Peer 1: 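Following this message is one structure expressed as structure tokens.
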Amino acid sequence: MTLSNHLSDHQRLYSTAALTLTFLAGILVTLGFKDLYPDLERRYKSSSNARRSSTASLLSYADPRRSSLFFGPPLQLEDHESPSSHGDPLTSFLPNPLGTASTGSPTISQGIESTIGHTPLILLKHLSTLTGRSILAKAEFLNGCGGTPKDRVALSMLLAAEQSGRLVPHRGDTIYEGTVGSTGISLATLARARGYRCHICMPSDMAMEKSDLLVQLGATVERVTPAPITSPDHFVNLARRRAAEHAAKWRDGSVGFFADQFESPANWQAHLHSTGPEIYAQTGGEIAAFVCGAGTGGTISGVATYLKEHAKMGDAVQVVLADPQGSGLFNKVKYGVMYSPTEKEGTRRRQQVDTIVEGIGITRITENFEAGRELIDDAVKVTDDQACRMARWLVENEGIFAGSSSAVNLVAAVVTAMKLPEGSNVVTILCDSGQRHLSKFYKRIGEMGLDDHDEALDLFALLGIEKTRA
């Protein structure tokens, strides 16, 4: 073998060895990055999410309309009830900077405000079977601040006040409101979350559970003797006066803000832009009737306006007022006159509305009720006796422990359903839990002997309703 051949063989050998070593090194490096990559990926995603969160936050607060119930961008929701409702352009009033669950990204909501809205629509199985119509109840008691539809209203009013500059977080501002309880509870919760104080004026004949809860939420509570709305001592007028007196009392540059739930357009618009679209999406627009009581009138006006005008359902959906005894709204809808025999002087137990039901029923027209009054097609009068019996039946047959206004809504929903063709969808509202009505409403149920847990109750006989089908 020549020297040149010998060197050539060594070169080939070294080349082969070098290639082998390079290949092995590549494998080792790849394996190393494989273990290292998830950590790098996590760091990148964390940094990316932080940037998105920061950007969304800046957008939300640089332009106040971004966080508004009325101007927020459409949110693609993950609907766990009906795949067909994916992508419905329901307006969101809260940012969701980490994306939605449908993208596979983490979903982290911002603050207690994010628990408001997007409540389930529940088919009441036994009531639907009994009536031959689908009775669908919007579970508003699952709103996470105050556990009522008033969570939507309270947030809407506060956002509107912040956007107009009337409220500034952490300045010492105080929110004043006259309420029978639910709106006050929502306001007190959100006040703490957003950096305000809260002062609530309420009638002294409301259930003590409500004022006790308000105190625990950090609110100042004034329980006042019930008085006509014309009196300066009416709980709403007192709250307005307390707000006007705030600056002189505190002298610290803070502001007293009167929320004014009965007249504020932010009330009915909250339901126009959230509750109404949710109901339409959850039913796919298949709604024969929407049944709801009115206290301020915001819920029924907002939902009616969305369904009839924005969703263009028109006369295809009936909007029906559920009104407790003693309220004048039933007569206003049916006959155009705000009058009831129970309003005669000396015939009422109370000076506001002669009913044990709390939260709905009123003897005056508010701006919120007026906003949708012409869209209300019919009204159903519900007695205290019927409301108590429905509440008991609901516990025994549906396992739902609801408050007095929810019971009124359901009685009216049954009456309405029996006038419609079989199979029709009737939607109503479950406003709050019965836990806030133990000392008054459920005490009355006990006094009526209705708490014997009899599952075989004949609902139609119980309510005194004809079982005639349409």
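For clarity, every value in this text was computed on a predicted model and none was experimentally measured.
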Peer 1: Report the residue from Gln325, His437, Lys443, Arg444 that forms a side chain to side chain contact (heavy atoms under 4.5 Å, CB included) with Ile356.
Peer 2: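 Going through Gln325, His437, Lys443, Arg444 one by one, the side chain to side chain contact (heavy atoms under 4.5 Å, CB included) with Ile356 is satisfied by Arg444 alone.
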Peer 1: Could you note down all residue pairs passing side chain to side chain donor-acceptor pair (under 3.5 Å) where residues 206-217 supplies at least one of them, sequence neighbours left out?
Peer 2: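 As it turns out, the side chain to side chain donor-acceptor pair (under 3.5 Å) pairs with a partner in residues 206-217, which skip direct neighbours, are Glu209-Ser439, Lys210-Glu358, Ser211-Arg223.
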Peer 1: Is a side-chain donor or acceptor of Thr183 paired with a backbone partner of Thr179 at a separation under 3.5 angstrom?
Peer 2: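 Answer holds: no.
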Peer 1: Does a side chain donor of either Ser254 or Asp252 reach within less than 3.5 Å of an acceptor in the other side chain?
Peer 2: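 A pair is found: one side chain offers a donor N or O, the other an acceptor, under 3.5 Å apart.
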Peer 1: Keeping Asn368 on the side-chain end and Ser264 on the backbone end, is there a donor-acceptor pair under 3.5 Å?
Peer 2: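 At least one qualifying donor-acceptor pair exists.
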Peer 1: Are side-chain N/O atoms of Asp323 and Ser327 paired as donor and acceptor at under 3.5 Å?
Peer 2: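 Per modelled atom types, Asp323 and Ser327 side chains form a pair under 3.5 Å.
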Peer 1: Find the distance between SG (Cys198) and CG (Leu190) and round it off to the nearest 0.5 Å.
Peer 2: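 If I round to the nearest 0.5 Å, the distance is 9.5 Å.
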Peer 1: I want to check something: taking the side chain as every heavy atom from C-beta on, are Leu136 and Val427 in contact at a cut-off of under 4.5 Å?
Peer 2: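 Side chain of Leu136 against side chain of Val427, heavy atoms only: contact under 4.5 Å found.
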Peer 1: For Asn143, run the side chain to side chain contact (heavy atoms under 4.5 Å, CB included) check against Asp432, Thr115, Asp151 and tell me which one passes.
Peer 2: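 Exactly one option meets the side chain to side chain contact (heavy atoms under 4.5 Å, CB included) with Asn143, and it is Asp151.
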Peer 1: Taking Gly117's backbone N and O only, do any of them form a donor-acceptor pair with Arg152's side chain (distance below 3.5 Å, no angle check)?
Peer 2: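 Not confirmed, Arg152 side chain does not pair with Gly117 backbone.
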Peer 1: Within the distance-only criterion (no hydrogens, no angle test), does the side chain of Arg392 pair as donor or acceptor with the backbone N or O of Ile445 below 3.5 angstrom?
Peer 2: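 Judged by distance alone, no pair lies under 3.5 Å.
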Peer 1: In terms of the angle between their ring planes, are Phe330 and Tyr335 parallel, tilted or perpendicular, with boundaries placed at 30° and 60°?
Peer 2: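 Perpendicular, since the angle between the ring planes exceeds 60°.
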Peer 1: If you measure only the distance, is there a donor-acceptor pair under 3.5 Å linking the side chains of Glu177 and His199?
Peer 2: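 Not at all, the side chains of Glu177 and His199 share no donor-acceptor pair under 3.5 Å.
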Peer 1: So, using side chain to side chain donor-acceptor pair (under 3.5 Å) as the criterion, who are the partners of Tyr196 when residues are at least two apart?
Peer 2: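 Per chain and number, Tyr196 pairs via side chain to side chain donor-acceptor pair (under 3.5 Å) with Glu162.
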Peer 1: I want to check a possible cation-pi pair here: Arg364 against Phe262, using under 6.0 Å from ring centre and within 45° of the ring axis as the test.
Peer 2: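 Geometry flag: set, cation within 6.0 Å and 45°.
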Peer 1: Are the side chains of Phe369 and Ile362 in contact, using a 4.5 Å heavy-atom criterion?
Peer 2: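 Not touching, per the 4.5 Å side-chain cut-off.
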Peer 1: As an exercise, state the distance from CD1 of Ile376 to CG of Leu321, rounded to the nearest 0.5 Å.
Peer 2: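 So the CD1 of Ile376 and the CG of Leu321 are separated by 5.5 Å.
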Peer 1: Does Gly178 offer a backbone N or O that forms a donor-acceptor pair with the side chain of Gln261 under 3.5 Å?
Peer 2: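 Side chain of Gln261 to backbone of Gly178, a donor-acceptor pair under 3.5 Å: yes, one is there.
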Peer 1: Could you walk me through whether Tyr306 and His271 pass the ring-ring contact (aromatic ring centres under 6.0 Å, His included) test, one step at a time?
Peer 2: CA-CA 8 Å; Tyr306 181 81; His271 298 290; over 10 Å; no
Peer 1: Mind listing the closest non-hydrogen atom pair of Gly293 and Ile360 along with its distance?
Peer 2: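 Scanning both residues completely, I find the closest heavy atoms to be C-CG2, 4.0 Å.
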Peer 1: Do Val255 and Arg171 have side chains that approach each other closer than 4.5 Å (heavy atoms only, starting at C-beta)?
Peer 2: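 Val255 reaches Arg171 side chain to side chain.
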Peer 1: Just by modelled atom types, is the Thr119 backbone N or O under 3.5 Å from a matching donor or acceptor in the Lys138 side chain?
Peer 2: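 Confirmed, Lys138 side chain pairs with Thr119 backbone.
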Peer 1: Is the shortest heavy-atom distance from the side chain of Ile135 to the side chain of Leu410 under 4.5 Å?
Peer 2: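 A side-chain contact under 4.5 Å exists here.
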Peer 1: Testing the basics here: between Gly184 and Ile200, what is the closest heavy-atom pair and its distance to 0.1 Å?
Peer 2: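 So the two residues come closest at CA-CD1, 3.6 Å.
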Peer 1: I need the minimum non-hydrogen distance between Leu158 and Leu187, along with the two atoms involved.
Peer 2: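 The answer is CD2-CD2, 4.0 Å.
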Peer 1: Are Ser301 and Arg373 close enough that a side-chain donor and a side-chain acceptor fall under 3.5 Å?
Peer 2: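 No, because no side-chain N or O of Ser301 sits under 3.5 Å from a partner of the opposite role on Arg373.
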Peer 1: Looking only at atom types and distance, does a side-chain atom of Asn237 sit under 3.5 Å from a main-chain N or O of Asp233, one as donor and one as acceptor?
Peer 2: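 Answer holds: no.
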Peer 1: Can you find a side-chain donor-acceptor pair between Arg166 and Ser164 that sits under 3.5 Å?
Peer 2: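 Present: a donor and an acceptor within the cut-off.
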Peer 1: Could you tell me whether the side chain of Leu130 reaches within less than 4.5 Å of the side chain of Leu459, counting heavy atoms only?
Peer 2: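 Yes. Closest side-chain heavy atoms under 4.5 Å.
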Peer 1: Quick check: do Lys150 and Glu140 have side-chain heavy atoms less than 4.5 Å from each other?
Peer 2: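 No; the side chains remain at least 4.5 Å from each other.
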Peer 1: Report the C-alpha separation of Asn267 and Thr296 in whole Å, then their side-chain angles, then the decisive distance to 0.1 Å, and conclude whether the side-chain hydrogen bond (donor to acceptor under 3.5 Å, both in side chains) test is met.
Peer 2: CA-CA 8 Å; Asn267 180 340; Thr296 63; 2.9 Å; yes
Peer 1: Judged by atom type as modelled, is there a donor-acceptor pair below 3.5 Å linking the side chain of Ser182 to the main-chain atoms of Thr148?
Peer 2: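 Side chain of Ser182 to backbone of Thr148: no pair is present.
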Peer 1: Counting only N and O atoms by type, is there a donor-acceptor contact under 3.5 Å from the side chain of Arg251 to the main-chain atoms of Ala248?
Peer 2: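 Yes, because the side chain of Arg251 sits within donor-acceptor range (under 3.5 Å) of the backbone of Ala248.
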Peer 1: Keeping the roles fixed (side chain from Gln386, backbone from Leu463), state whether a donor-acceptor pair exists under 3.5 Å.
Peer 2: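 Yes.
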Peer 1: To the nearest 0.5 angstrom, please state how far the OG1 atom of Thr366 sits from the CD1 atom of Ile229.
Peer 2: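 Going from OG1 on Thr366 over to CD1 on Ile229, the span is 10.5 Å.
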